[in-house]
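Order of the sequence lines fixes the chain letters, A, B, ..., with proteins taken first and strands second; residue numbering starts at 1 for each chain.
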Amino acid sequence: MKSGPELLYTFDSFNARHSPEADVGRTFIDIDQYHRLCQLNHSLVLGPRGSGKTTLLKMLTVAARHAWKRQSEIAPQKLPFTAIYIPTDVHFQRQLQSVERCFSAAPHTQARVSRGAIATSVAIACVDCFLDRIHFESLSDPQKERDLSEKLSEGLKLDTVPTLELLRLSLRKRMIELTGFVRRILSNSTDNLLSSEAPNWLDLDLVEATLFACEAFDTTFGFDRKDRWAWCFDELELAPSWLLNDLFSYFRSIDQKIILKLGTSPHPRLNADDLIASALNDFDPIKLWGPSMVRQRHFCNLLASQVIESRLGSGVRPDEILGLANWFGDDDQLGLDLTNEPYSQGSDEWLALKEEAKQDPTLSRYLTSKGIDPSNPVASNQHLRDSVLRKIKPLVLFRKNFSHYDTRRKRRSRKGRKLRAGYFGVPTVFDISDGNPRFLKRIFEEMCAAHRNSNLIDRNTQSRIIEKISLQFYNYIRGIPGSQTVINGKPIYLFSLLHSIGKHFSKKILLDDFSADPTSSFVVNEDTPPELVLLLETAAEHAAIIALDQSDDTFERSSRGQRYRLSYLLAPLCRLPLRVYGSRGLLTCLSEYPPLKSLSNRDTSSGRDNIQETLF
Amino acid sequence: MEIVETFQTSFDEVKSINFDYLIAASGYESRACYISNQLMAKTKLAFGFKDRKQAFREDNDAEFTRLKFDLDADISHADGFLIGERLADKICNSEKQITRVAIDYSCMPKTWYSAIIRALCLRRSNANPIDVYFLYSPAKFKAPGPAGINTVVEPLHGYCNIEAPKLPTALLLGLGYEPVRALGLRDYIDPTVTYGFYTDPAIESAFTAAVLKNNDGLLQTIGPERSFRYALSDLDYTSALLTHLVRSLSEEYRVIVAPLGPKPFCLLTLILAQRYPLCDVWRVSAGESGPVTVRDAVGSVLSYRVRFQ
């Protein structure tokens with residue numbers, strides 16, 4: 001066994017942002033979306049936190065591709081552009097917001113400062129990119145580097161320096177200068193007062209500066225001046241709104257030397273609808289959620305194997321530590337004993353259905369209505385077996401595991417949490433991660449820590465770990481600043497809202513009369529209050545809800561009218577199956593949520609459940 | 001002006017001084033007047049909160065009035081800047097060789113005392129030092145309420161060092177005893193490394209027990225090598241520890257200090273950030289949704305003298 005690195009337990013500890021490009025390249029798992037991103041066109045990578053946007057964008061960089069090339073048996077094709085990776089993060093976002101507040105009485109200076117900070121950040125990214133190209137493409141030539149540094153110093157309004165490293169330092173010094181300027185600001189400082197104090201480099205134009213820098217590099221090192229460069233802006237949901245709006249407008253029109261590879265949350269918050277409408281034909285929207293179950297599990301298997309290799313050594317497969325059981329899944333993934341013919345008399349399915357039907361009169365009535373004897377639930381033909389028994393089996397087993405029929409009270413009750421194992425086995429764990437690399441790594445890190453003596457981790461331990469991580473995810477949602485709003489004078493918290501939705505579906509599935517067509521997804525009603533819509537978009541940004549039914553070639557700016565399900569990582573907490581059933585109107589789902597009870601009366605779609613069963 | 005010297009002093013020494021200014025806050029806590037009742041000063045100013053005029057607020061206003069304080073009873077949390085400027089206007093215009101100021105920050109929000117420190121640092125020096133005694137009266141233990149929501153998460157005004165997000169982030173948490181808050185903050189900021197500071201020994205051992213219990217998950221992940229205990233009563237040691245860590249981390253990281261715990265720790269981080277602009281100091285709070293907790297003075301006072309010149 002290898003002794004791995006220190007365990008990291010929190011949700012965002014597995015962020016590719018923390019990894020140098022070379023490390024990202026070494027561990028990269030190739031996916032279809034990456035090949036779309038490599039095309040010579042503008043792209044918009046959409047996905048919640050943890051979905052792999054940073055990995056994909058970093059994988060465009062020279063350093064990451066170089067590391068990947070060294071690992072790969074087949075050399076990756078040369079990219080038709082040079083990628084300039086431009087990160088941002090919560091830290092930088094909050095700093096810029098704080099700075100903006102300082103200039104509340106000086107809006108012109110406020111805009112200049114924000115733009116100046118971003119332009120400097122992009123300039124640093126350009127210099128890093130140049131250094132990488134010089135290193136990885138063996139372009140090192142002190143005279144050329146001096147020439148380039150001098151050109152850039154002049155173009156970026158810096159004192160002349162002879163090397164790119166010194167140029168980088170000069171750019172960092174600008175941020176210190178900016179901090180000094182901001183620290184001296186008084187809250188009543190006006191634009192007039194500040195005009196002479198503000199550094200003149202704040203007015204550096206982002207596009208012009210980048211074009212100048214890239215052309216300077218190309219001409220100095222003898223490349224074609226028409227060579228293309230890609231701005232890879234990551235985590236734009238954290239960037240100032242002006243930047244997102246500017247970049248969307250650049251989709252329509254920007255110098256051909258620059259192409260855009262942007263990463264942001266599922267619902268980018270733009271100021272104007274027409275920006276999207278006019279840009280839709282000009283970029284390729286690449287979504288990082290909702291792949292097919294087969295593709296998702298394949299990806300999860302590769303990623304989980306990587307984690308296991310780093311923790312337990314090579315050659316151990318995910319199923320060798322978690323097993324293949326999948327209690328509530330489809331037949332081909334079930335860990336049941338299939339020595340008997342499935343669904344035949346005496347089979348495991350037959351026994352489970354019979355036992356439940358004996359206890360629960362609502363299931364018994366359902367079977368009878370379909371012409372099946374509850375005391376001997378055998379289908380008389382293939383069609384009946386498929387349309388009834390196979391369809392209801394996951395639901396019956398789910399109900400059986402998490403609730404029971406109380407014959408005294410004549411209704412179903414939830415089983416105590418400590419009574420049984422719930423969520424375990426490789427298919428379940430893969431599905432619970434929603435294919436989100438950060439979630440999956442998080443789960444497998446903990447599973448590996450619990451692994452002993454080359455044996456399967458027992459089901460109770462697996463369930464306990466999954467439930468713990470589910471609770472931690474819930475607490476993570478609780479800790480998101482801005483995840484609350486006020487509607488009709490009542491505070492609404494995202495975490496309690498989602499919990500309420502989950503409990504609504506859970507009650508329907510576990511406690512109500514048996515239905516072969518339950519609901520487990522919701523549609524955001526058109527008349528949903530805007531505050532609630534924004535809250536749900538925050539949930540989508542943090543992977544707490546997952547959009548369904550979306551086509552690949554477009555994207556929805558708003559969650560209004562969209563269909564969602566809760567993240568499967570919340571399923572253990574709410575006791576939900578890992579399947580998508582029909583949908584209900586959001587406000588109907590919230591009919592028992594005290595702060596929004598009054599709104600649920602407005603929900604016109606409440607009476608019509610949309611029965612649309614899919615696996616994801 | 002710059003901060004040229006800091007050290008802890010005894011409250012007995014403080015009580016013997018006839019201050020030029022005594023500044024306090026009037027709020028809903030019973031300890032609001034505890035220190036003011038024991039000090040002499042030529043000019044006394046008290047700032048009262050605009051909101052949450054409940055619990056002991058009325059009594060405190062009456063007591064400050066009886067003690068001949070000039071009371072401004074309608075100040076919001078966001079008005080720290082105004083307080084800082086008003087005090088700096090008064091204090092920095094003094095012709096005295098040494099001006100002595102006592103500030104009881106026990107019931108002040110971070111936005112107020114951070115603004116006072118910043119305002120003094122921004123003033124031009126007239127060569128005469130100003131000695132500010134920051135005074136804190138620790139509270140008796142009361143179990144924390146249910147986990148609060150992190151509504152406000154931002155750098156304090158004037159305590160932000162803008163830097164391009166190329167360097168990773170290090171987060172230094174001054175741990176408080178509220179459940180979930182620190183872990184939620186860490187998950188949200190997503191730093192590359194996290195350090196935790198907690199009081200041990202605290203003024204009452206129940207504080208330490210609550211901090212450890214409610215930050216158990218976080219401390220486990222941080223590990224012992226990144227968890228630092230400090231004695232609340234030893235401000236000089238804590239200051240040295242913080243300074244050393246921030247200075248070394250700032251070479252490789254963008255550093256955020258988030259003081260969620262006792263106010264003296266927060267004070268030390270603010271002074272550090274003004275002396276060496278190497279880190280941000282962030283404010284994390286439940287905002288107006290935070291619970292009202294009435295705290296009684298335990299009976300001791302922590303005093304930290306800061307010389308501005």
**OP:** Answer yes if the side chains of A:Ser51 and A:Asn436 hold a donor-acceptor pair under 3.5 Å, and no otherwise.
**Re:** no

Subject >> No-hydrogen, no-angle side-chain donor-acceptor test under 3.5 Å, A:Gln95 and B:Asp280 >> reply: yes

Subject >> Contact winner vs chain B - A:Thr120, A:Asp128, A:Thr88, heavy-atom pairs under 4.5 Å >> reply: A:Asp128

Original post:
Do you know which of A:Val122, A:Thr179, A:Ile176 has the most heavy-atom pairs with chain B at a distance under 4.5 angstrom?
Top reply: A:Thr179

Original post:
With respect to B:Glu85, which candidate in B:Arg123, B:Arg118, B:Lys90 satisfies the side chain to side chain donor-acceptor pair (under 3.5 Å) definition?
Top reply: B:Arg123

Using non-hydrogen atoms only, which part of [X] is less than 4.5 Å away from chain B: side chain, backbone, both, or neither?
X: A:Val99; value: side chain
X: A:Arg101; value: side chain
X: A:Gln97; value: neither

Original post:
Tell me, do A:Ile124 and A:Arg172 make a side-chain contact under 4.5 Å, heavy atoms counted?
Top reply: yes

Subject >> Flag side-chain contact, heavy atom, 4.5 Å: A:Arg49 against A:His542 >> reply: yes

**OP:** Measure B:Asn161 against the heavy atoms of chain A and call it side chain, backbone, both or neither at under 4.5 Å.
**Re:** both

Between [options], which residue shows the highest count of heavy-atom pairs closer than 4.5 Å to chain A?
options: B:Ile162, B:Asn150, B:Leu156, B:Val152; answer: B:Ile162
options: B:Gly158, B:Cys160, B:Cys121; answer: B:Cys160
options: B:Pro168, B:Gly184, B:Ala119, B:Ala164; answer: B:Ala164

Subject >> Pair A:Arg94-B:Tyr188, side chain to side chain donor-acceptor pair (under 3.5 Å): steps then yes or no >> reply: CA-CA 11 Å; A:Arg94 294 279 158 168; B:Tyr188 180 67; 2.8 Å; yes

Original post:
If you count the non-hydrogen atoms of other residues, nucleotides and ligands that lie under 6.0 Å from CD in B:Glu2, is the total more than 12?
Top reply: no

